[in-house]
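Heads up, the thing below is written out as C-alpha cells.
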2 protein chains.
Amino acid sequence: MNILEKITQNKAVFSKSERKVADIILAHPQTAIHSSIATLAKMSDVSEPTVNRFCRRLDTKGYPDFKLHLAQSLANGTPYVNRHVDENDGPQEYTNKIFESTMASLEVARQSVDVNIINRVVDLLTQAQKISFFGLGASASVAHDALNKFFRFNVPVVYFEDVVMQRMSCMNCTDGDVVVLFSHTGRTKSLVEIAQIARRNDATVVGITSQDSPLANECSYVLSLEVPEDTDMYMPMASRIAQLTLVDVLATGFTLRRGNKFRENLKRVKDTLRDSRYDKPD
Amino acid sequence: MNILEKITQNKAVFSKSERKVADIILAHPQTAIHSSIATLAKMSDVSEPTVNRFCRRLDTKGYPDFKLHLAQSLANGTPYVNRHVDENDGPQEYTNKIFESTMASLEVARQSVDVNIINRVVDLLTQAQKISFFGLGASASVAHDALNKFFRFNVPVVYFEDVVMQRMSCMNCTDGDVVVLFSHTGRTKSLVEIAQIARRNDATVVGITSQDSPLANECSYVLSLEVPEDTDMYMPMASRIAQLTLVDVLATGFTLRRGNKFRENLKRVKDTLRDSRYDKPD
DNA sequence: CACCAAATGTAGTAAAATTACAACTTTGAT
DNA sequence: ATCAAAGTTGTAATTTTACTACATTTGGTG
C-alpha cells in the first residue's frame, strides 16, 4: 500500500507535532528518504522521538523501516497491471498494454502455481516410458511447443492435433505412460474424454488447466494456473503464455533432474541444427 | 536504473567476497532490505566493511543508501531480472527464475519493438487477401498459434509445418498476399528460401526475427525482437514467448482496426465453441 | 484551579554504519 | 623462485543514527 496515501488518510488521527512531520514529508518526500531522523526532526521543528512515534503510528517498525516504505512508494514506474485495451488506443498504447498485461498475468501465475506438484510432475516425466502432449484450439500450439521441447530430450514423445488420433493414442497407453493435457477452461468435452480414456488405460494424466474444472477432476495431477484473461478480445492470450512458461519450467526441471551428462546431449542436439542454418558472422 | 540488474551486470567486476554479497542479495532481496549491515555480512560470510564497499561500488553512498535503491527496485515495475538457472536449484528456485526471466525478457522485448512497423504490419494484415504463417522448429508452434488467432477473424489463413507445402504455398502467392515468417535466429536456411520465393511472387513478407539476419534481409518488413536468451538450457524459451506476445499485439491491432461490428463477429465465433464445452456451473 | 491524560521533549543508551589501518593474497616482473 | 606492488579482506575504534526511559509541558475537565 502506498504510504503517502496512508499519511494523507491518517492525517486526522495525528497529533499536532506529528502533523508537522506529515506535512514536511508530503512536501519533500524525496528529501525525506535521504535524511536522517535528526535532520527530518529539525526540518519539521519537532524532536526526534516524535518522528519515531510518527513512523510507528503508520505501522512501521521505526524510522529506517518507514524510509524503506516511503522509498518504495516513491519508486517510479507503475507496477504491471492488467490494463484492458481500449477501442481508441493507438499502436503504442495497445502494444504496451498487451505486453504489460502479459507480464502481470505471468506474475499472478507464478504466485498461484504449486511447486510441489511441479516437482512431482517432473518426477513423473523423467520416469515416463512415453509422454503425450494434447491440447485443442489455442492450447494445441502449447502442446505443439511441448513436443518440440521434450523431443530434444530423446524420450518417446507423442503429439496429435487430431482428436481421433489423440483418442487412439490414449487407448494404447500403458502403465508407465504420462499424458499431459492443456486446456485453459478445462471444459472442452473431447479433452475430458481423452483424460478418461488415458486413465482407464493406466496412464498418469497431468492436467495443465483450471482448478475444479471437469478436466481437472479426471486428472491424476493438476497444475492449475490462475490467469486473469482479458475477455474483451474473445481470444485466449495470457493463459497460453502462462502455460508455455510452465512448459519451460517442466522442461528445465527435467534437464536438471537428468544431470550434467544429459545436458551435453542437449548441446549436441542443438549443434546438429547448425547445418540447417546460415553461419553467424563474427 | 534497476539495481538488481546492475548487480547482475557488474558481477564480473566484483571481487570474490563482494560476489558472495551479490549472490545473497540476489537470492533474498526482500530479506536484504530488512537486514542491518551486520546481519547481511554474516549471511554472506564476509565482514561488514566488505558489504559497505560492495554498496559503494554500485555508486551508492553507503549501506543505507543502497537499501533505499534496492527497495525502490523491488517496488518498481520491473523487479524482474534475467537470472540463469543453476544446477543446484530446487523446484521453487527454478520455477521462480524461469517466470522472472520470462517477464524480464518481455520487458526488454517491449522496449525494443518498433511501434511504427507494428502499425504498418497491422495495416497490411487487414488489407491482405491471404495471410500465411510459417515457422520451423520451436517457431512452428508460434505460427500455429497465429493461425489459431487469425482464423477467428474470418480471413483466409494458411499454415503448414511441412517445408515442401510451405514452398508450394508461397509459389502460388499473388499481389495482395502477406507471408509472416517466425524465426528467432533468422538463420534457418529453408525459411530464408521461403521468403525469397514469396517475394518473387509479389507477396509482402513480414519477418518476426532478429535484426540484420539473413532472413531479415529478405523481408519487406522486419519486426525485430531483442530477447536475451538463456543459452545454458540449449532451448529457445523466452524468444518464443516474446513472439507470441507480438502475435497477440498484431491480432489486437487487427481487431481494433476492423472496429466494433467485427468484434461482434468474434464474440459469435467464441460462442460457437460453447457447444464443445461442458457448461460452467454458477 | 487543581488534576489527569495526552503530547512532546531531553538526555542517555544501544545499535548501526563508517573509517583507518593492519594482515593477508594475488600478480607480475626480475 | 623471490620479492615488491597492488589489490583484497578483516579487526578494532570512531562516528553517526536511532531508540528508550523518563521528565516536562500542554490542554482539557470536574
Side-chain angles (χ1 to χ4, degrees), chain A residues 3 6-74, chain B residues 3 6-74:
Chain A
I3 203 146
K6 204 170 178 179
I7 295 175
T8 335
Q9 279 175 19
N10 287 34
K11 222 167 176 178
V13 184
F14 293 147
S15 72
K16 207 187 337 170
S17 308
E18 282 169 349
R19 213 164 302 145
K20 282 194 214 168
V21 182
D23 286 336
I24 291 292
I25 288 171
L26 290 173
H28 316 283
Q30 280 298 345
T31 318
I33 57 171
H34 292 114
S35 312
S36 70
I37 193 168
T39 323
L40 187 61
K42 201 163 276 175
M43 281 204 291
S44 317
D45 194 32
V46 298
S47 70
E48 299 183 22
T50 302
V51 177
N52 190 278
R53 282 188 282 260
F54 165 83
C55 298
R56 298 237 167 113
R57 201 175 281 274
L58 290 159
D59 300 318
T60 61
K61 285 188 118 194
Y63 183 67
D65 189 40
F66 167 78
K67 279 212 291 191
L68 242 49
H69 282 265
L70 185 59
Q72 296 205 324
S73 304
L74 255 46
Chain B
I3 203 144
K6 202 169 179 181
I7 295 174
T8 334
Q9 279 174 16
N10 288 34
K11 220 165 179 181
V13 183
F14 293 147
S15 70
K16 209 188 333 168
S17 305
E18 283 169 346
R19 213 163 305 143
K20 281 194 214 166
V21 182
D23 287 337
I24 291 290
I25 288 171
L26 290 174
H28 317 283
Q30 281 298 344
T31 317
I33 57 170
H34 292 114
S35 311
S36 70
I37 194 169
T39 322
L40 188 61
K42 200 163 277 176
M43 280 203 291
S44 318
D45 194 31
V46 299
S47 69
E48 299 182 22
T50 302
V51 176
N52 190 278
R53 282 187 283 261
F54 166 84
C55 298
R56 299 238 165 109
R57 200 175 281 275
L58 291 159
D59 300 317
T60 62
K61 286 187 123 191
Y63 183 68
D65 189 41
F66 166 79
K67 280 211 292 191
L68 243 48
H69 282 264
L70 185 60
Q72 294 205 327
S73 301
L74 289 173

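Proteins come first, then strands; the chains are lettered A, B, ... in the order of their sequence lines, and each starts at number 1.
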Atom pair distance, as rounded to whole Å: [atom1] in [X] and [atom2] in [N]:
{"X": "A:Asp45", "N": "C:dG9", "atom1": "CG", "atom2": "P", "result": "8 Å"}
{"X": "B:Leu68", "N": "C:dA17", "atom1": "CG", "atom2": "C1'", "result": "15 Å"}
{"X": "B:Glu18", "N": "D:dG10", "atom1": "CD", "atom2": "P", "result": "11 Å"}
{"X": "A:Glu48", "N": "C:dA15", "atom1": "CD", "atom2": "P", "result": "17 Å"}
{"X": "A:Phe66", "N": "D:dA18", "atom1": "CZ", "atom2": "P", "result": "12 Å"}
{"X": "A:Lys16", "N": "D:dT25", "atom1": "NZ", "atom2": "P", "result": "15 Å"}
{"X": "A:Phe14", "N": "C:dT8", "atom1": "CZ", "atom2": "P", "result": "12 Å"}
{"X": "B:Lys42", "N": "D:dG10", "atom1": "NZ", "atom2": "C1'", "result": "15 Å"}

Checklist entry - How long is the span from the CD1 atom in B:Ile37 to the NZ atom in B:Lys42, to the nearest 0.5 Å? => result 13.0 Å
Item to check | Nearest-neighbour nucleotide for the B:Pro49 side chain, D:dC19, D:dA12, C:dT10 considered | outcome: D:dA12
Checklist entry - C:dT8, C:dT18, D:dC19: which one has an atom nearest the side-chain heavy atoms of A:Pro64? => result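 The nucleotide sitting nearest to the side chain is D:dC19.
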Side-chain N,O ([X]) to OP1/OP2 ([N]) below 4.0 Å:
{"X": "B:Thr50", "N": "D:dG10", "result": "yes"}
{"X": "B:Ser47", "N": "D:dT9", "result": "no"}
{"X": "B:Arg56", "N": "C:dT19", "result": "yes"}
{"X": "A:Asn52", "N": "D:dA18", "result": "no"}

Checklist entry - Of B:Lys67 and B:Arg53, whose nearest nucleotide on DNA chain C comes first from the 5' end? => result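 Its nearest nucleotide lies further toward 5', so the answer is B:Lys67.
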Item to check | Any donor-acceptor N/O pair, B:Thr60 side chain to B:Asp65 backbone, under 3.5 Å | outcome: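 No: the side chain of B:Thr60 does not pair with the backbone of B:Asp65.
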Next on the checklist: I'd like to know if the side chain of B:Gln72 reaches the main chain of A:Ala71, judged simply by a donor and an acceptor atom lying under 3.5 Å from each other, with no hydrogens or angles considered.
Outcome noted: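 Such a contact is found between B:Gln72 side chain and A:Ala71 backbone.
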Next on the checklist: Under the criterion side chain to side chain contact (heavy atoms under 4.5 Å, CB included), I'd like the reasoning laid out for B:Val46 against B:Glu18: C-alpha separation, chi angles, the key distance, then a yes or no.
Outcome noted: CA-CA 8 Å; B:Val46 299; B:Glu18 283 169 346; over 6 Å; no
Next on the checklist: Over all strands shown, is A:Val46 touching base, sugar-phosphate only, or nothing at heavy-atom distances under 4.0 angstrom?
Outcome noted: sugar-phosphate
Checklist entry - What orientation do A:Phe54 and A:Phe66 show, parallel under 30°, tilted 30 to 60°, or perpendicular over 60°? => result perpendicular
